[in-house]
Amino acid sequence: AQGRRHSSAEVFATNVTGTEKLLAACARRGVDRFVFLSSVSVYAPSLAPAVNEEAPLGARDAYGQSKSTAEEYVRRYAQTGGVRCSILRPCRVYGEPHNQNTAQLLRKMHNPILFVGLGGYPYYNLIHASDVAAAALLAAACPESAGQAFNITDGRGASQREIAVTIRAITGRRQLVIPIPSRLVAYVYRMHALYKTYRTLDRRAKPSVQWKQLFIGQRYDISKAQRLLGYEPKVDLQEGLRRTLAWYEGRPW
């Protein structure tokens with residue numbers, strides 16, 4: 001439900017059990033084409049400047065683990081169930097209608113003060129929902145995509161400062177951007193990652209890598225989707241935020 005944190009059991013019930021049921025239904029009905037929306041969260045934490053689909057999997061949170069497990073079911077059905085499956089791995093999706101990422105961006109649009117690390121970091125990989133939908137249609141129509149996984153992003157991402165500047169340009173509102181020492185921002189993220197590690201009792205997590213990912217401008221390589229699917233992101237950050245704000249004007253978020 002909107003506004004509350006889901007338990008690990010609820011996340012797995014939706015992303016794993018739900019996916020398995022959909023695949024079984026497709027097999028029973030003779031549906032031979034299935035496009036699964038996974039997530040870049042399935043990848044193991046890494047400080048590589050670019051991550052492609054061959055990077056090691058190893059999610060450290062319940063959401064990423066659930067998506068990774070669901071991908072295993074998808075591959076199994078692709079091999080034995082007579083269903084041709086493709087896997088899309090979007091990054092942080094925003095846009096209309098509402099989701100958690102959109103709510104975060106909307107709050108940034110309306111906050112009179114924004115604190116960012118020196119240099120404009122943290123850095124976010126983003127994609128508008130309409131580009132995800134377009135990628136799904138391309139994958140469904142492309143025979144060569146069966147059995148393949150694809151990163152899906154806007155192709156460039158943005159630092160928090162870029163997002164703030166774009167928001168000011170769209171809304172015309174005066175927003176005070178206050179830079180704070182990057183070491184302080186990094187410390188906060190590191191402590192948050194450590195808290196999550198011990199809260200979940202997951203000793204495999206590497207919080208030092210997880211928080212550093214936000215400060216190196218890491219991107220997810222979309223060249224495979226461009227080459228095989230003909231995918232090209234259409235909605236840049238300014239257009240995506242403009243459309244999002246216009247849609248939400250007068251609506252609760």
Side-chain angles (χ1 to χ4, degrees), residues 2-3 39-41 43 45 47-51 61 63-64 89-135 151-190 192-193 210-222 231-253:
Q2 181 178 316
S39 168
V40 294
S41 297
Y43 292 113
L47 296 181
V51 176
D61 60 9
Y63 178 76
R89 294 172 179 161
C91 58
R92 189 181 298 241
V93 182
Y94 73 99
E96 56 288 3
H98 177 90
N99 66 18
Q100 182 178 355
N101 295 324
T102 301
Q104 291 174 350
L105 288 172
L106 287 170
R107 283 193 288 270
K108 291 182 186 297
M109 287 182 179
H110 289 82
N111 284 344
I113 300 175
L114 180 64
F115 296 93
V116 300
L118 289 171
Y121 292 99
Y123 178 90
Y124 301 108
N125 286 275
L126 299 167
I127 184 168
H128 192 269
S130 64
D131 277 335
V132 178
N151 291 337
I152 303 296
T153 80
D154 70 356
R156 61 176 302 273
S159 70
Q160 195 171 41
R161 179 177 292 279
E162 288 179 86
I163 294 172
V165 169
T166 303
I167 288 170
R168 282 187 294 179
I170 294 169
T171 63
R173 297 189 181 97
R174 291 183 177 273
Q175 187 179 47
L176 180 61
V177 178
I178 300 179
I180 59 177
S182 295
R183 287 186 178 181
L184 179 57
V185 180
Y187 176 80
V188 171
Y189 274 87
R190 187 169 69 248
H192 178 64
Q210 290 174 317
W211 66 260
K212 284 180 180 178
Q213 285 178 294
L214 294 168
F215 294 89
I216 62 173
Q218 185 181 64
R219 290 173 171 80
Y220 293 92
D221 183 7
I222 61 171
Y231 166 74
E232 290 295 340
K234 303 295 185 184
V235 183
D236 62 18
L237 181 65
Q238 183 165 4
E239 173 65 11
L241 289 178
R242 185 192 64 76
R243 285 166 53 173
T244 300
L245 183 61
W247 195 89
Y248 274 94
E249 283 295 338
R251 292 180 170 89
W253 53 268

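Residue numbers count from 1 along this sequence.
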Q.
Determine whether T171 and L245 satisfy the following criterion, side-chain contact (heavy atoms from CB on, under 4.5 Å), listing intermediate values before the conclusion.
A. CA-CA 9 Å; T171 63; L245 183 61; 3.4 Å; yes

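- Side chains of Y43 and R89: a donor on one and an acceptor on the other come within 3.5 Å.
- Across S130 and V235, no two heavy atoms sit closer than the pair OG-CG2, 3.4 Å.
- A donor-acceptor contact shorter than 3.5 Å links the side chain of N151 to the backbone of V51.
- In terms of heavy-atom proximity, A48 sits nearest to I216 at O-CD1, 4.1 Å.
- Of all non-hydrogen atoms in R242 and I170, the two that sit nearest each other are N-CD1, 3.6 Å.
- The OG atom of S41 sits 6.0 Å away from the OH atom of Y63 when rounded to the nearest 0.5 Å.
- Between the side chain of R219 and the main chain of R156, a donor-acceptor pair closer than 3.5 Å is present.
- Closest non-hydrogen pair, Y121 versus G217, comes out as CE2-N, 4.2 Å.
- Summarising the local packing, CD of E239 is surrounded by more than 12 heavy atoms from other residues, nucleotides or ligands at distances under 6.0 Å.
- In this structure, I113 CD1 and I178 CD1 are separated by 5.0 Å, a value rounded to the nearest 0.5 Å.
- Closest non-hydrogen pair, V93 versus P90, comes out as CG2-CB, 3.9 Å.
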Q: Take L126 and R92 through the test side-chain contact (heavy atoms from CB on, under 4.5 Å) and record every step on the way to the result.
A: CA-CA 5 Å; L126 299 167; R92 189 181 298 241; 3.6 Å; yes

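- Checked against ring-ring contact (aromatic ring centres under 6.0 Å, His included), Y94 has the following partners two or more places apart in sequence or in another chain: H128.
- In plain terms, the two heavy atoms of Q218 and Y123 that are nearest each other are O-CE2, 3.2 Å.
- Here E232 pairs with nothing under the salt bridge (charged side-chain N to carboxylate O under 4.0 Å, His left out) rule; sequence neighbours left out.
- Looking at heavy atoms from C-beta onward, I167 lies in side-chain contact with I163 at the 4.5 angstrom threshold.
- With values rounded to the nearest 0.5 angstrom, N125 atom CG is found 6.0 Å from Y220 atom OH.
- Judged purely by atom type and a 3.5 angstrom limit, D154 has no side-chain atom pairing as donor or acceptor with the backbone of L237.
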